There are 4 protein chains.
Amino acid sequence: MAATIRVTVWNEFLHEKKHEAVRKVYPDGIHKVVAQALGGEPDIEARTATLEEPEHGLTDKVLSETDVLTWWGHMGHNLVADEIVDRVQKRVLEGMGLVVMHSGHFSKIFKRLMGTGCDLKWREAAEKERLWVVDPGHPIADGLPEYFELPHAEMYGEHFDIPAPEELVLVSWFAGGEVFRSGCCWHRGQGKVFYFRPGHETYDIYYDKTIRRVLVNGVRWAAPTGVAEVKRGHHGDPLERI
Amino acid sequence: MAATIRVTVWNEFLHEKKHEAVRKVYPDGIHKVVAQALGGEPDIEARTATLEEPEHGLTDKVLSETDVLTWWGHMGHNLVADEIVDRVQKRVLEGMGLVVMHSGHFSKIFKRLMGTGCDLKWREAAEKERLWVVDPGHPIADGLPEYFELPHAEMYGEHFDIPAPEELVLVSWFAGGEVFRSGCCWHRGQGKVFYFRPGHETYDIYYDKTIRRVLVNGVRWAAPTGVAEVKRGHHGDPLERI
Amino acid sequence: MAATIRVTVWNEFLHEKKHEAVRKVYPDGIHKVVAQALGGEPDIEARTATLEEPEHGLTDKVLSETDVLTWWGHMGHNLVADEIVDRVQKRVLEGMGLVVMHSGHFSKIFKRLMGTGCDLKWREAAEKERLWVVDPGHPIADGLPEYFELPHAEMYGEHFDIPAPEELVLVSWFAGGEVFRSGCCWHRGQGKVFYFRPGHETYDIYYDKTIRRVLVNGVRWAAPTGVAEVKRGHHGDPLERI
Amino acid sequence: MAATIRVTVWNEFLHEKKHEAVRKVYPDGIHKVVAQALGGEPDIEARTATLEEPEHGLTDKVLSETDVLTWWGHMGHNLVADEIVDRVQKRVLEGMGLVVMHSGHFSKIFKRLMGTGCDLKWREAAEKERLWVVDPGHPIADGLPEYFELPHAEMYGEHFDIPAPEELVLVSWFAGGEVFRSGCCWHRGQGKVFYFRPGHETYDIYYDKTIRRVLVNGVRWAAPTGVAEVKRGHHGDPLERI
């Protein structure tokens, strides 16, 4: 594991420019707030990238220098070029971590890596959400209380159309009567994927101390580890005499 | 669960027409042999479909009448139209079972549903393979011996670039020194996916009684079950007063 | 899989004899109601056994003729003899299914098979529970609606100290603010274990049509399948020349 | 996560005293060699404990100061007192990591935490073992080659009677024709359990650089993480108005 985790915080950065209500909460964009939260840790270095940059800011060079990519998107999923999605997928399979936040559930890259529709129920009613830790020894739960609350959240409800999480860390309770698998982990190739539900553009959720703790934990969990080199393809010489 | 499981056995049906060696083993195509194996069971009805048919034989009508689709492809993965892959994926997410055989690991539909590269090591040296049951109570292991052997098999070796199987049933030992996760299960949406390694076009593997037993078990396991209806999307009215 | 699934419905049968309130709901014991629910299916044959019978009704003969054992206990967990627990565990590892209901989470046999403390939060306040299906294609969800409700339930809350379910089918929402993993599946040896949360001695939950459907599905899922014979121990003769 | 991981290396320390052949390989006991391997890392502090010490060296004080316990036993499993097993299990459920090595598969503590028989096939024929990484991005695979070999190993073969590993990292190939799930991870309560197959008392396996790397990785993976405090039991006051 590298000493410093190099994170690229990606944001479509559309809501913040179009809606005054969002700009009030995130004047410089959600990515700036997330990057600040992550970059404040001694073992994390955070840079940002957005949709409008050339190649959406996700050039081969940037990705090759990224240990963990965090993803926030909502309105602009379809504006992300397929070639960039291909490139990000390739990097995840090679070991780059991916932390997908909230409405990123419907991003091309998340759907690509899951193989499912990734749809869910949703409702915007500023209702209470309570997130329960169901795997209390998991690294992503490190230092968390047994549950934490968001007073005003957009509801996401089951069925969430994802493959069963390989590790399920958090389950949400919503005042309106729904539940949701809110902290979910998967391995994909040599890479790791963490989906974390909270975070809406009109709520100040990414300023919340506990939410930031989960993001930091998620980044550390998703940081590259593993074998030096994976080999596949034609393997003509057997290791043993046949 | 329906009384009769309606299976569509899909085959690209290319090798058999091009190579005399394959035609000798499967004169009417691999699909005919697989369909015969499955259709011989009282609870299974099997039809076939091939690449060259209109819409590859996988029309909306055919798929809507299919409980489980089995997939054999090798040379022609790229000849399968993306629209058909979309359609099959949609049906799997809606509940249709999918049994992917051998070189189908590289088919568009399998890669789509896995979200990974699905690559592996391979070698054609007619070596011995021994498949060990590692989940002896699994329905797909029903009636099997603790291990079974293929005297002449193409080798597939790790790392097999798939998501960790939700249920791992079989692990292969190869004479040349490799191992492989050979019987793997996943849920995707309301559908179930079973990958089964054995089966090469130049070996008479699909005539083998144990192999056929696994295919039959796989089809039964993958047959649609589950909730009457899944709802997703906007869910404006909370179930409880907020 | 056998044509008929032979179920033994076990109940400690203590509450019903001691408390008038329980007797009103289950005059002949919870086991009679559960056995009636299961035995009403054409493919299931149900008998009962209780704590007070010799060997708690779980003789070698009874167990050897049992495909699936269902377990209800609450006050009398410690009255179950360790030898009987050993015997039941052995039978599960050999392939017998086990369906553990509600307060059976604290039974010796469930704790034995889980390896964890199996403790949880609880509250008796007759509050509303809503169970959401999170694996909509699972056999245990067969024919269920996307969620179902119990108007008056004892609350069980996380953290539920169990190994992560190999298949998580149901998650409960409680009016009081908690969530719970309420339908959980594991393989143990050749056997299968299903834990199902609902069912309190003072509520008429086991008369509920949907609850009964889950129990029937659970029994079918847990019915023995798998390899003819598992071998372990000294294996002096290698299968290949070393 | 603490800055330094405090490891207690436990060994029954019987073979080394009874058999000259073992003493030649491990003159001061297997524990000394393992402790040296682990303690050589800057972030790990290793002490040892053995069966013959009072309370087997596993007093409340020692366990309360242990982040990860490694376990080696073979001849003396039944000499381990049940009270000590209870105590170790309790500590694991509270968050202590446990790394079980080789013949420790049959230890009381491993069987207790697994809930299964933990039996397997075995043969002592000094045959070749090749361990393949099947989860190449896993922290326990960090820095490993895609496979590694032991020229002379005791064979362990399937079926290994354990719950399906939550994370399967290594699969062994044996010259004699068997396979084995050799690197297996589970969460139990707040604790983590890693089983690692290699290591026989008459082979110098624990001097091997790659084996030591796996042990170090296993200890780091198993080190305590997670929530500050887990609450269970009576929870009379709902978090929401019912």
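In this text the structure is predicted, and so the values were computed from the model without any measurement. All chains are named by letter (A, B, ...) in the order of the sequence lines, taking the proteins before the strands, and each is independently numbered beginning at 1. Heavy atoms only: backbone and side chains are in, while hydrogens, waters and symmetry mates are out.
Taking the centre of each ring, B:W122 and A:H235 stay at or above the 6.0 Å mark.
Ranked by heavy-atom pairs shorter than 4.5 Å toward chain A, the options B:G191, B:P163, B:A175, B:G177 are led by B:P163. The choice from A:G157, A:G117, A:G236 that makes the most heavy-atom pairs within less than 4.5 Å of chain B is A:G236. Interface check for chain B: of the options A:V227, A:L120, A:D237, A:L93, the most heavy-atom pairs under 4.5 Å are formed by A:L120. The most heavy-atom pairs under 4.5 Å with chain A, out of B:Q190, B:E240, B:K90, B:H234, come from B:H234.
The contact between A:L113 and chain B is made by backbone and side chain atoms together, counting heavy-atom distances below 4.5 Å. Proximity to chain B involves both the backbone and the side chain of A:R188, based on heavy atoms less than 4.5 angstrom apart. For B:E166, the part sitting under 4.5 Å from any heavy atom of chain A is the side chain, from C-beta outward, and nothing else. Of the two parts of B:K231, the backbone and the side chain both hold a non-hydrogen atom closer than 4.5 Å to a non-hydrogen atom of chain A.
To the nearest 0.5 Å, atoms OG1 (B:T116) and NE2 (A:H187) are separated by 13.5 Å.
Although no hydrogens or angles enter the test, the distance criterion places a donor-acceptor pair under 3.5 Å between the side chain of B:Q89 and the main chain of A:G115.
Residues B:I242 and A:R123 share a closest heavy-atom pair of CD1-NE, 4.2 Å.
If you check the side chains of B:R232 and A:H159, you find a donor sitting under 3.5 Å from an acceptor.
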